[in-house]
Trainee: 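Here you go, one structure.
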Amino acid sequence: MSSPAGTESPGVTRAFTGIFAATMLNLIAVGALLPVLPLYVKGPLGEGDLAVGIVVGAYAVTGVIFRPVAGHLADSRGRRWVLILGSASSAVAGALLFVPLGLAAVLASRLVLGAGEGSVFTAGSAWVADIAPAGNRARLIGIYGLAVWSGLSIGPAVGHALMTLGGFKLVWLLVLLTPVVSVAIALRRH
């Protein structure tokens, strides 16, 4: 039976699996908020469509800004540490959702989450390119991209289910804890 990453060595497979899982956990947190934030902003916060658009879009602003910053840091300080810092930032974003400052806390959370996810994806991509054997590099990078799309596909269903089961705070807890698990995975030696 071939490894999840193909015919790579066990060390490459372990490292790749860790990078994939850490990235997917961050993207589950991102995706979990997609169906929930509009309901929260319009419901408990009592804001309108403009506020929903700003809150949802804020994530992309810092995601775009932090990708080149994370790339520079990943090149100068190391991929693992940037992935860890990005995941820790994503966890802080989850914690900010518990701060009772209304729209300001939610907006701050989204900005921090964008920075965290941008850092995780950038460092993870570079790390995968580093560990992948030359003959399988493009294939592994393609598979790595599935971490993003899997997280964004699973996250909304999980977020909606958690909101239905336990309300917004249960979703906030997921957004806090999945990046914490990502940090733990990235701290392991691969």
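Positions are given from 1, in the same order as the sequence printed here.
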Trainee: Rounded to the nearest 0.5 Å, what's the gap from CD1 on Ile154 to CG on Leu27? Could you check?
Mentor: 10.0 Å
Trainee: Can you get from Val61 to Val120 by hopping between Ile, Leu, Val, Met, Phe, Trp and Tyr side chains that sit under 4.5 Å apart?
Mentor: no
Trainee: Between Arg80 and Arg188, is there a donor-acceptor pair closer than 3.5 Å when you use the side chain of the first and the backbone of the second?
Mentor: yes
Trainee: Taking side-chain hydrogen bond (donor to acceptor under 3.5 Å, both in side chains) as the test, write out the residues that go with Thr23, two or more places apart.
Mentor: Tyr144
Trainee: May I have all residue pairs that pass ring-ring contact (aromatic ring centres under 6.0 Å, His included) and include part of residues 32-70, sequence neighbours excluded?
Mentor: Tyr40-Phe168, Tyr40-Trp172
Trainee: Which donor-acceptor pairs under 3.5 Å do the side chains of residues 89-107 make with protein atoms, sequence neighbours left out?
Mentor:
from: Ser89; atom 1: OG; to: Leu85; atom 2: O; distance (Å): 2.9
from: Ser90; atom 1: OG; to: Asn26; atom 2: OD1; distance (Å): 3.0
from: Ser90; atom 1: OG; to: Gly86; atom 2: O; distance (Å): 3.2

Trainee: Please check if Trp81 and Leu73 belong to a single hydrophobic cluster, counting links between Ile, Leu, Val, Met, Phe, Trp and Tyr side chain heavy atoms closer than 4.5 Å.
Mentor: no
Trainee: Same cluster or not: Phe121 versus Leu34, using hydrophobic residues (I, L, V, M, F, W, Y) connected whenever any side-chain heavy atoms lie under 4.5 Å apart?
Mentor: no
Trainee: Is the shortest side-chain heavy-atom distance between Leu37 and Val52 below 4.5 Å?
Mentor: no
Trainee: What are the two closest heavy atoms between Trp149 and Ser153, and how far apart are they?
Mentor: O-OG, 2.6 Å
Trainee: If you look at every heavy atom in Ser87 and Pro179, which pair is closest and at what distance?
Mentor: O-CB, 3.2 Å
Trainee: Restricting to non-hydrogen atoms, name the atom on Pro156 and the atom on Pro35 that form the minimum distance, rounded to 0.1 Å.
Mentor: O-CG, 3.4 Å
Trainee: I need the Ser9 OG to Arg14 CZ distance, nearest 0.5 Å.
Mentor: 7.5 Å
Trainee: May I have all residue pairs that pass salt bridge (Lys or Arg N to Asp or Glu O under 4.0 Å) and include part of residues 48-62, sequence neighbours excluded?
Mentor: Lys42-Asp49
Trainee: In this structure, are over 12 heavy atoms from other groups packed under 6.0 Å from Arg137 atom CZ?
Mentor: yes
Trainee: Pairs of donor and acceptor atoms involving the side chains of residues 159-167, under 3.5 Å and at least two apart or interchain, shall be tabulated with distances.
Mentor:
from: Thr164; atom 1: OG1; to: His160; atom 2: O; distance (Å): 2.9

Trainee: Compare every heavy atom of Ile141 with every heavy atom of Ala129, then report the nearest pair and how far apart it is.
Mentor: CB-CD1, 4.1 Å
Trainee: If the test is side-chain contact (heavy atoms from CB on, under 4.5 Å), which one of Leu25, Leu83, Ile84 qualifies with Val183?
Mentor: Ile84
Trainee: Let's go through Leu33 and Val171 carefully: what are the C-alpha distance in whole Å and the side-chain angles of both, what is the deciding distance for side-chain contact (heavy atoms from CB on, under 4.5 Å) to 0.1 Å, and is it a yes or a no?
Mentor: CA-CA 7 Å; Leu33 291 171; Val171 180; 4.2 Å; yes
Trainee: Please round to the nearest 0.5 Å and tell me the distance separating atom CZ of Arg67 and atom OG of Ser125.
Mentor: 8.0 Å
Trainee: If you round to the nearest 0.5 Å, how far is CD1 of Ile28 from OG of Ser150?
Mentor: 8.5 Å
Trainee: Same hydrophobic cluster for Leu140 and Leu146, using side-chain heavy-atom links shorter than 4.5 Å among ILVMFWY?
Mentor: yes
Trainee: Please list, chain by chain and in numerical order, all residues satisfying salt bridge (charged side-chain N to carboxylate O under 4.0 Å, His left out) with Arg110, sequence neighbours excluded.
Mentor: none
Trainee: When rounded to the nearest 0.5 angstrom, what is the spacing between CE in Met24 and CG in Leu152?
Mentor: 11.0 Å
Trainee: How many angstroms lie between OG1 in Thr178 and CG in Leu173, if you round to the nearest 0.5 Å?
Mentor: 9.5 Å
Trainee: Quick one: closest heavy-atom pair of Val41 and Ala51, and the distance?
Mentor: CG1-CB, 3.9 Å
Trainee: Quick one: do Leu111 and Val69 end up in the same hydrophobic cluster if we chain Ile, Leu, Val, Met, Phe, Trp and Tyr together by side-chain heavy atoms under 4.5 Å apart?
Mentor: no
